[in-house]
Each structure stands twice: as structure tokens, then as C-alpha cells.
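Presented below is the structure to which this report refers.
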Number of protein chains: 2
Amino acid sequence: MRQRRSVTIRDVASEAQVAVATASRALSGRSEVSDETRKRVERAAKKLGYVPNQSARSLRAASTRIIGVVVPSMANPIYELYLRGAAHEAVAHGYSIFICDAEYDPALYRTHLRTLLEHRVDGVIIGEVIQAPSLLVPFLRAGIPVDPSEAARRGAQLPQLVRGTEAFKAAYTHLLSLGHERIAYARLTRPGIAMQRVGSDARMAWLQEAAAEAGLPDDAVVPVEFVPGEETSDRLLRLLSSGDRPTALVVTAPLLQPVLVAIHETGLEIPRDLSLLMVGDASWARAVRPPIASVSSDMYEEGMRALRRMVGRIQGDADLEAEGAPQPARFLPRGSLGPVVRLPGRVAPGAPQKTTRAASKQGPKQTGKKQK
Amino acid sequence: MRQRRSVTIRDVASEAQVAVATASRALSGRSEVSDETRKRVERAAKKLGYVPNQSARSLRAASTRIIGVVVPSMANPIYELYLRGAAHEAVAHGYSIFICDAEYDPALYRTHLRTLLEHRVDGVIIGEVIQAPSLLVPFLRAGIPVDPSEAARRGAQLPQLVRGTEAFKAAYTHLLSLGHERIAYARLTRPGIAMQRVGSDARMAWLQEAAAEAGLPDDAVVPVEFVPGEETSDRLLRLLSSGDRPTALVVTAPLLQPVLVAIHETGLEIPRDLSLLMVGDASWARAVRPPIASVSSDMYEEGMRALRRMVGRIQGDADLEAEGAPQPARFLPRGSLGPVVRLPGRVAPGAPQKTTRAASKQGPKQTGKKQK
DNA sequence: ATGAAAGCGCTAACAA
DNA sequence: TTGTTAGCGCTTTCAT
């Protein structure tokens, strides 16, 4: 049953009574071989159950048809979608992808990049600019393309997964127009090697700017930072149950789940007691009630695009590369955003004034059309 | 900047003024080399930026230290967790994993298995028994272990990801004890090649048995089947809004999201109008309100275990293989299960009798302790 | 159209 | 301890 030595092209050749070179040509179809011979070789290959050895092929061809995709964390719903998109698109182009989960761990990041280098992948997708560009030098030296490219790093538009100033400004303006004057901005702060904070900082800065423009004091925006693994912290619970708790919360996608749990535990109701805006995408964002408003592009789509432009770069196909251009984020207002309910004053239509958990459910039925 | 030809061990050897074999020995550390030489070689390697070529190594060693993991769908929350667990554990053992998403597509399944075969992976994890075992024959012939093994297929315990009769019986008994007399069982029916239906069928059969034992009629359990991609079907909506709609719904994990959306659209409230039980695990199952009861083992953990026992098999380490034994599912009762509210009769404490969506929120505050 | 042979980068056997 | 050499399986000259 088990045969240690596997069937090689040599075996096929001798079975078909031809030279190995002929067998190779017949099977790869890249060269002229007589129909007669081709059939004989194919029959022999099938009979013996021949399966070409990729290691040998790669060694010879100096190309693996593998694209490495390193994500900061597969647990981050953004990257979960991103990976699926990339995986799907890869097959369409005849590539395999090598998925690496860095688990927000700099050491693991290094390990994975090294592995990809040893495997001589044809390209590497890292999604966003990382803080330690020196890790990418070996790839550049070996002529292995990296996405986003080093060139992009110096461009005007910072290569981030969730990008696009307009959408953020629209979302924040909307939030402020609902009367929120105390807004928490919760995000993961990843250690050393990982993503550039500059992107995340910019997204938060825009909120601060918008708040300032609206005449709110400096402390209107409250940054709350979590270290990966610490997401289930009591800090969030304390923030949400404190006297001067925020009336709106902006969370990055990986924090959505722990934040929702914390909100449930404090008994707050969305959006009556707290408005929620997510930065980024999650496959299940529409499965919770009310559906969560977000600023994001479609991350599955972005994964596909990243792969497409990588294939374009590898194959020197500028059109394909252009087809893979990333899309800007959009603001998707949904039921999780609502007006501030002030203690004595006017309240949202239909919402009661009781402070603890209470009866009414404010409008989660109309599924999120822009309600500005 | 870009150098086409990458640095080989030959270059290192000549830089260090030794033979290639010596350089190899010095770098791999598997053989005796003088300290002096080792240092020289290491220095040379670092100076030149040498990175060993895995293709060459694999070709030589007839081992890739890669384990292939093929999942029916990465969109299925069970496998999302499973993959993350496997990916995490792989690193600990010095293996890489090759993740393949079959997207419930038989053709893609074939393609991926073929690719793994060509790459001569050291082992393949497919999670559950597949319907087309003939696809695995090439692996067996090549001596590449597959998990679950062919042997397991013939064993008493069917190798399924969610396994364990007791947990299911406990869950179903609980459900029936809450007074449910019409229970829908919603699941995906995958095309040809994919998972054995036998497991899914058994799990449903247990529900039917339990119903029969409880004296309910044959049609107490309503099977509802979905084809992947059709999840958001109107069928579910019709079922949920019909006059004799079920009072309880059992769903497999990949259907949880579309089912929740459908439930929201019909305005039904969980668990007052409908009890919900999930078969399988999802990372976000606790993020929705009320939290979803489930029958499952920890799928992240199961992914780790699968990888562990595969490494055990590859390395002939029976202890490690035993450590990776799968765990049976457990019943996790949570807030999504509640008693049937009969129209005129007695109702759950605190719940009103209004039929459409209404005010009260029934007990989602105490986060799902066993309420039997 | 086919065959012979070189060589991709590495490791292991054998020699020295 | 170190060097020489063969060969893993494949593709691709170059020759016929």
C-alpha cells in the first residue's frame, strides 16, 4: 500500500518508453510533442498515478506560485474577511496562498516572514505598512514584491486597510450632529513590530478635530487603549458604568465583540444609552441587534484586490495591478447610532427617560438607512 | 538593489573559505564542526544575507514540514476557530500550515487536495470524514497521513468535529422540557464531495428520537435545509412568519448569522417568541444578546488538538498523538433558550403576552447559567 | 520531434 | 574535522 518512493517523471518516461525530457514536455504541454507520444505519456502518468513534485519544480523554475499573506491577527474580523477574499482570488489566478497569523506577536511576525523567505514565495501581502520595515529588506533584495509596496509608504495616501478621510469625517460629523459630547475611542494598541499607529492615530485625530470644530472641549474624545489579550478588561466596564460615561463609543473591529459583551453586562442599551460606531468590517456585524454602524470598505473585496494587484506585479501585468487598486472606506450608518438622550430635556421620539434598562426598543427595525 | 540570483550556500562557503558541505553542517548544527569554522561560516552567512532555500531542502529531505489543512469553508465560524487553533499550534512544533478554503465547492476541494499532494506536504487535516474518500487514496499511497484517518472512519465513534451523543441528548431533553413541540432543525446541505451527512443526520435523528420519546408526533421536528450561498433565503423568513411557526430553532453554526438576521426581520424576540440552539461554535456567539446556547466543543482547542495529533503521527510520537485526542461536545445552555409562551395559558415570569414585538426583555441580563 | 545532459540548492555518504 | 561527490525531481538548453 504505502510506497515510500513516490512516482517520478522518470518512471513515467520509462513506462511510456520515452526520455524524461519528452515526458516533461508532453505533460507540461509547453513544447511540441507528437500526439502519439503525448497520449502514451499521459496514459503512463495516469496509470502510475504520477504527481509532479512542486519542490523540484520550484527549485528549477525559481518560482513557487505561492503568495504569502501575513495578517496581524486572524481573530481580527477585518483580516478574517480579507484572508477569505485573498484565498478565493488566488485560486482564480492559479496561485496558492500561504496564510500566516502573527497573533499580534512581533516575534511570530518575524518567524513567519522568515519562513516565507525560505520558501521563496513569489510575493508577500502584509496588508498595511508595518513599523519595522527592515524586516522587508530581504524581500526587496531578493526581488520579491511586497504589498503595500515600499513606494506606497512614501506616497501621499498612507497604505492602510481602512482608508479614506471623507468617510470618517462624514461618520464623525453625523455622530456629533446627534448631540454626543463625550465620545470614547477604543482601539487595540499593538506591540512593536505590528501595524503603524499613524493610521489609527489619524483616524482618531479626525474625530478630535471634528469635535473641536463643533466647539466641544479637548476632553470630549476619550481614548481607550487595549493591549491584545487584555480586551476583556474591566477598564471598559468601569468606563461604561462611571458617572460621566461617554454617550458614544467608536471601536475598531477587533474590539467589537468584547465591547458588546461589556455593554450587555452593564445593562446599557444601544443606541438609547450608547451609540456605537465600528471602524472596520466584520462578517457578523449585521447579525446583532441593532446592526452596527461602521466606517469601512468591504474587506473580503479588499482581500481579493490585494491578491489581484500582487499577481499583476508578479506577472508584470500593469492592468491587472491597476484592477486591484484599493477602495476607500464608506460610512454605513445603521441602527447603532442614535441621538443623545439628555436626562431632563427632550428625548428621542418614543424613547423613555428611565435611566436603567427599560422597556422600549428604539427603532432597530428600519435597517440602517442614513438617518441624518 | 534587486539581485536576481539569490545567495546560496555555495556563496557562503566560498566567502568562509570552506566546502559547501562544511557550510551546510555549520549552519544546520546537526554535525560536528569546529567552533572556529562555525563562526566563520555564520559570519559569512550573515554578511551575505543567506537564507536557505526550502524547495531545495524539501527536495533533498523528502519532507516539507508543512501540514495542509483543508476546511469546507472558512466562512463557517467553526472552521474559522479551528484554523486559528491549528495555525497557533503549528508554530509551536516548528511546522507551517497550508490553509485551503474549499468554499463548499467540490471542484475546489479537488484542486486543493491536488495542490497539497504536489507540494508533498507531510500531512493533511480535513477535519471530518469526506464523502469522496477516493480523493484521499493518493495520500495514503504516498504514505502521507490524513486526519481523521481512514482507520477512524471504520471505528465506532464517527470522526466529526462536533461529536458526543450525551451533550446532544442533554440539549434536546432540555429543549423539550421547556415545552417546545415544534422544533425546526436548520442546516446546510453541502454538495457531493463535502462532509458526510451521516453526522448531521445523526444529530438530527437524536432530536427526533427525543421528541418521539416525549410523546410528540413525527412532524414535531421540521428539517430545513440550505444550500451554501442560499443562506439568506426567504424560506427561513416564511417559516418564521407562518402561522404554525416553530417555537424553537436548532441551527448549525454557519447558519447562525443569516438566521439571526431573519429573526430580526420578522420581529421575533429570543427567547420569548423563539428559542435558539446552535450546533457548533462561533467566536461571536457571546456577543449577541441574548447569548446563544450551543452544543459544541471548543473549536480553537480542537484545531490545536488536530494539529498536535498530526505532528504526533508524522513524527511517530504516540504520546503526542494521544494528547491530541478530540474532546466531546458539551451542552452550553444560555439565554437563547426559554420556555414556550402559550397564547392563553401560563407564561414565563415577567414576560408579557403581546404577540408582536413588544416592550419587555426577558432575562438576558443574567448571562446564561444553566437554567434547567 | 526526440534524446542526452546540465544544473537549480541542498544534504548525506563516503573519503581523507 | 573537513572535502569530494552523488543525487533528490524537474525543466531546459543543446544536439540529433
May I have the distance from [X] (atom [atom1]) to [N] (atom [atom2]), rounded to whole angstrom?
{"X": "A:Asp11", "N": "D:dC10", "atom1": "CG", "atom2": "C1'", "value": "13 Å"}
{"X": "B:Gln17", "N": "D:dT2", "atom1": "CD", "atom2": "P", "value": "14 Å"}
{"X": "A:Arg65", "N": "D:dC10", "atom1": "CZ", "atom2": "P", "value": "18 Å"}
{"X": "A:Arg30", "N": "C:dA1", "atom1": "CZ", "atom2": "P", "value": "17 Å"}
{"X": "B:His119", "N": "D:dG9", "atom1": "NE2", "atom2": "C1'", "value": "15 Å"}
{"X": "B:Leu48", "N": "C:dG9", "atom1": "CG", "atom2": "C1'", "value": "15 Å"}
{"X": "B:Gln54", "N": "C:dT11", "atom1": "CD", "atom2": "P", "value": "9 Å"}
{"X": "A:Arg38", "N": "C:dA1", "atom1": "CZ", "atom2": "P", "value": "10 Å"}

In terms of side-chain heavy atoms of [X], which of [options] is nearest?
{"X": "A:Thr8", "options": "D:dG3, D:dC10, C:dG9", "answer": "D:dC10"}
{"X": "A:Ala19", "options": "C:dA12, C:dG3, D:dT12", "answer": "C:dG3"}
{"X": "A:Arg57", "options": "C:dG9, D:dT12, D:dC10", "answer": "D:dC10"}

- prompt: Any chance the side chains of A:Asn76 and A:Tyr104 put a donor and an acceptor closer than 3.5 Å?
  reply: yes
message: Pick the closest DNA chain D nucleotide for B:Leu59 and for B:Glu32 by heavy atoms, then say which residue is nearer the 5' end.
response: B:Glu32
Could you list the donor-acceptor pairs under 3.5 angstrom formed between side-chain atoms of residues 12-28 of chain A and any protein atom two or more places apart in sequence or on another chain?
{"from": "A:Ser14", "atom 1": "OG", "to": "A:Asp11", "atom 2": "O", "distance (Å)": "3.3"}
{"from": "A:Glu15", "atom 1": "OE2", "to": "A:Lys47", "atom 2": "NZ", "distance (Å)": "2.9"}
{"from": "A:Ser28", "atom 1": "OG", "to": "A:Ser24", "atom 2": "O", "distance (Å)": "3.2"}
{"from": "A:Ser28", "atom 1": "OG", "to": "A:Arg30", "atom 2": "N", "distance (Å)": "3.4"}

query: So do A:Tyr82 and A:Leu161 actually touch side chain to side chain, heavy atoms under 4.5 Å?
result: yes
query: Going by heavy atoms closer than 4.0 Å, what residues in residues 20-29 of chain B are next to DNA chain D?
result: B:Ala21, B:Thr22, B:Arg25
Criterion side chain to side chain donor-acceptor pair (under 3.5 Å) on A:Ser55 and A:Ser58, from CA distance to verdict: CA-CA 5 Å; A:Ser55 297; A:Ser58 301; over 6 Å; no
field: Contact under 4.0 Å: B:Thr37 side-chain N or O vs D:dT2 OP1/OP2
entry: yes
- prompt: Does A:Ser34 place a side-chain N or O at less than 4.0 Å from the phosphate oxygens OP1/OP2 of C:dT2?
  reply: yes
Table please: side-chain donor-acceptor pairs of residues 315-324 of chain B below 3.5 Å, with sequence neighbours left out.
{"from": "B:Gln315", "atom 1": "NE2", "to": "B:Tyr95", "atom 2": "OH", "distance (Å)": "3.4"}
{"from": "B:Asp317", "atom 1": "OD1", "to": "B:Asp319", "atom 2": "N", "distance (Å)": "3.1"}
{"from": "B:Asp317", "atom 1": "OD1", "to": "B:Leu320", "atom 2": "N", "distance (Å)": "3.0"}

query: Charged N to carboxylate O below 4.0 Å: is that the case for B:Glu42 and B:Lys46?
result: no
- request: Pick out which of B:Ile99, B:Thr111, B:Thr115, B:Leu116 makes a side-chain contact (heavy atoms from CB on, under 4.5 Å) with A:Ser96.
  value: B:Thr115
